[in-house]
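None of these values were measured; they are calculated from a predicted model. Per chain, numbering begins at 1; letters A, B, ... match sequence-line order.
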There are 2 protein chains.
Amino acid sequence: MARKKVTSHDVAKLAGVSRTTVSLVLNDVPHTRITEGTRQRVLDAAKRLRYRPDAAARSLATKQTRTIALVLYQSADRIVGDAFLTSVVRGLCEVAQQRGFRLLLHPFEDVGKSEAYISLVLENSIDGLIVSGPRSDDEQLPKLREDGFPVVLLGQLNGAGIHFVDVDNAAAAFRAVSRLVQLGHRRIGLITNAPLEYTASAARWRGYQEALEEAGLPYDESIVRYGNFRAQSGYQAMEELLALTEPPTATFIASDEVATGALAALHERGISVPDGMAIVGFDDIPLARYLTPPLTTIRLPAYDLGLQAADMLIDIIQGEEIAETGVLLDTELIIRESCGECEPLGKEVENH
Amino acid sequence: MARKKVTSHDVAKLAGVSRTTVSLVLNDVPHTRITEGTRQRVLDAAKRLRYRPDAAARSLATKQTRTIALVLYQSADRIVGDAFLTSVVRGLCEVAQQRGFRLLLHPFEDVGKSEAYISLVLENSIDGLIVSGPRSDDEQLPKLREDGFPVVLLGQLNGAGIHFVDVDNAAAAFRAVSRLVQLGHRRIGLITNAPLEYTASAARWRGYQEALEEAGLPYDESIVRYGNFRAQSGYQAMEELLALTEPPTATFIASDEVATGALAALHERGISVPDGMAIVGFDDIPLARYLTPPLTTIRLPAYDLGLQAADMLIDIIQGEEIAETGVLLDTELIIRESCGECEPLGKEVENH
DNA sequence: GCGTGTTACTAACACGCGTTACTAAAACTC
DNA sequence: GAGTTTTAGTAACGCGTGTTAGTAACACGC
């Protein structure tokens, strides 16, 4: 580095005041009367020297890092597969930057290595934590909660009493399946987005059951399959359903990515969608509209999810009282051709 | 927080030594002989108290943060659209964690606001910087280079002499287009992934031209269109090409996402792929294999890209000499049905 | 017994900031 | 004009580390 580090001492010297005054002026400390003249002198000097307070020194003195971490508590597969996650991250960043916070990214794959993100807390590297895809077998999380460390979940964990932001997965699935019921289907299959250990996956499964129940349809285990985030799993699951002696006439697939694989299997067998098999997906990934046929699906407020999570976390950090411990965001059923009774492609407004 | 912060002072007291000794032992300082007995006493005490050195204090003393930042120098659209980016990030995280570094995420949309990431440097929040999608009109980057601040580009910037890791976009595009030539096409269109201001986009465009030249085919501006990362732009571009009196018989589309939009336009007009129009994409997004028809495309070593970038950056930070200022990683042409002469879908091995 | 190393540690300072307690000067009160 | 309050600013400490300079204690050679 050619340029030496500029310290508040340099600013003080240039402005002809003490270092204390510099700090008071630059931090806008209330209940401190300082002449407009010296105030300006300090500001000018700071600007001229391009002074920026050293982050480490400031953290050490204030006990605040102005940094939050996003912990991705999930497998590598999921990180790749989830296009939706990038939108969430965008939302997080937006809020974080706006409120003057940094965002640290900490994915980890090994479930046993939850120690890893704890070190962020123990070393005082962060002020708060957002945990995406929490597992119920994580023992560190409740401890953090006890210690009063600010944590917000993206997703839910039953009974832990930790703040969270989530989507109403069950309600969304309910709506998707009900749509198929309305269209006259009586035998509706299910391919989940992931194993049921993932709470979101279980919730969508529950919504599927509830919709069947409300319609007076039986829950039939034989037309239920379990995906694992990836298209490949949808391809295989659909092949299995098609091999049944009595395949469903419609399938709710709780992930667009997985649904894409299923569509490929259907095309291969020459089965038309929606006539031979109606499909409703989940997530509304950007490509959903451009698949063949365009996919009816549930649109998630991914960006808002990130926005609210970051907002809530920073509120907690700054000691503001939070009204509700959790927030459930609404979803939207986007109707396209894959379930029948669609609107033509051209009409849909482009936005995301 | 229920638990009070544990400091090295506490450890020293419990072990019955001075704070200095604690520091020497825990940091494994060489040329310092310390009795095995006291060494163990210190280690035990540290473990028993769950001592972790405070990150801020350590940074202040050592002038090192053990943190690197990923700056995403690109529009919001791109962040959403680029599934490929999540793989890169995975690679980055992998290396960073392994070598004991943190990863800070800093996307920004406004090109004018390059000041934003500079503050990370001025505040000494990071030891190094990875810049994805650099723009030639960024004036801050050369300054950093002059100051000797560690920077690695994901992508290239001509003449700046900054370390970089990239893919050989031109060569990849060349290979893709040559394939179409081999298949007998004489009129091959181009839809770019993005405007030509993006260096990667320009390189792919150049590869397209070179392949035509080598084949003795003319470059015809009228069958070239410019995408903008999104599927929508591909949809529209393909519509325009199809409206020509003499449309191409094949099109190289420099982004799978954009290609997906183009495929939708083709389906709508009932044009079969590859018979009515052959398509080669770029990126090999996870869904490429499951589109209709499965997409012939260029596979990028996204994960490796992130891996190498992080590795190179940390090498630089730690003062190791770097042999080459830049690394170009190889790509792979993945042949599927969308260009003709495919292998059947089932055979392809699943991996990513 | 005196100088010279060597061993095994420690006292004290620096890093750059925020902040509390204090002061000298000016302004008011009566 | 002596006492009291207000104003405008500063000296000095603490945050928790890493690190340099230094020091007792002891062994050794002659």
>> Tell me whether the count of non-hydrogen atoms from other residues, nucleotides or ligands lying under 6.0 Å of CD in B:E324 goes above 12.
In response: no
>> Does this structure show an ion pair linking B:E123 with A:R102, if we count only N-O contacts that are shorter than 4.0 Å?
In response: yes
>> Using whole Å, what does the distance between atom P of nucleotide C:dT20 and atom NE2 of A:H31 come to?
In response: 12 Å
> A:K63 has a side chain; which of D:dT17, D:dC15, C:dG16 sits nearest to it?
Replying inline: D:dC15
>> Counting only side-chain nitrogens and oxygens, does B:T35 get under 4.0 Å of the OP1 or OP2 atom of C:dC9?
In response: yes
> Looking for any heavy atom pair under 4.0 Å, which part of the strands does A:S59 touch: base, sugar-phosphate only, or nothing?
Replying inline: nothing
> In whole angstroms, how far is the C1' atom of C:dG16 from the OH atom of A:Y51?
Replying inline: 7 Å
> Are any of A:T38's side-chain N or O atoms less than 4.0 Å away from OP1 or OP2 of D:dA8?
Replying inline: no
> Just checking A:L60: base, sugar-phosphate only, or nothing, at a heavy-atom cut-off of under 4.0 Å?
Replying inline: base
> Between B:Y51 and B:T7, what is the shortest heavy-atom contact and its length?
Replying inline: CE1-C, 3.5 Å
> Are B:V152 and B:Q308 close enough that some pair of their side-chain heavy atoms sits under 4.5 Å apart?
Replying inline: no
>> Of the listed nucleotides (D:dG16, C:dG16, D:dA8), which one gets closest to any side-chain atom of A:A57?
In response: C:dG16
Tabulated below should be each protein N or O lying under 3.5 Å from an N or O of nucleotides 19-22 of chain D; please produce it.
| residue | atom | partner | partner atom | Å |
| --- | --- | --- | --- | --- |
| D:dT19 | O4 | B:T20 | OG1 | 3.2 |

>> What is the separation between atom CG on B:L26 and atom P on D:dG16, rounded to the nearest whole Å?
In response: 16 Å
> Please give, in whole Å, the distance from C:dA27 C1' to A:R33 CZ?
Replying inline: 17 Å
> Do NZ/NE/NH1/NH2 and the carboxylate oxygens of B:D315 and B:R99 come within less than 4.0 Å?
Replying inline: yes
>> Between B:D28 and B:R39, does any NZ, NE, NH1 or NH2 come within less than 4.0 Å of an OD or OE carboxylate oxygen?
In response: yes
> Would you say C:dC17 has OP1 or OP2 under 4.0 Å from some side-chain N or O of A:S8?
Replying inline: yes
>> Can you tell me the base-pairing partner of D:dC30? Count Watson-Crick or G-U wobble geometry only, both distances below 3.5 Å, and say none if there is no partner.
In response: C:dG1
> Counting side-chain heavy atoms from CB outward, which of D:dG16, D:dT10, C:dT10 is closest to B:T21?
Replying inline: C:dT10
> Using a cut-off of 4.0 Å on non-hydrogen atoms, how would the nucleic acid contact of B:T32 be classed: base, sugar-phosphate, or nothing?
Replying inline: nothing
> With no hydrogens and no angle check, do the side chains of B:S18 and B:T21 hold a donor and an acceptor under 3.5 Å apart?
Replying inline: yes
> If only side-chain N and O atoms of A:R58 are considered, is one of them under 4.0 Å from the OP1 or OP2 phosphate oxygen of C:dG16?
Replying inline: no
> Rounded to the Å, how far apart are B:R39 CZ and C:dC9 P?
Replying inline: 11 Å
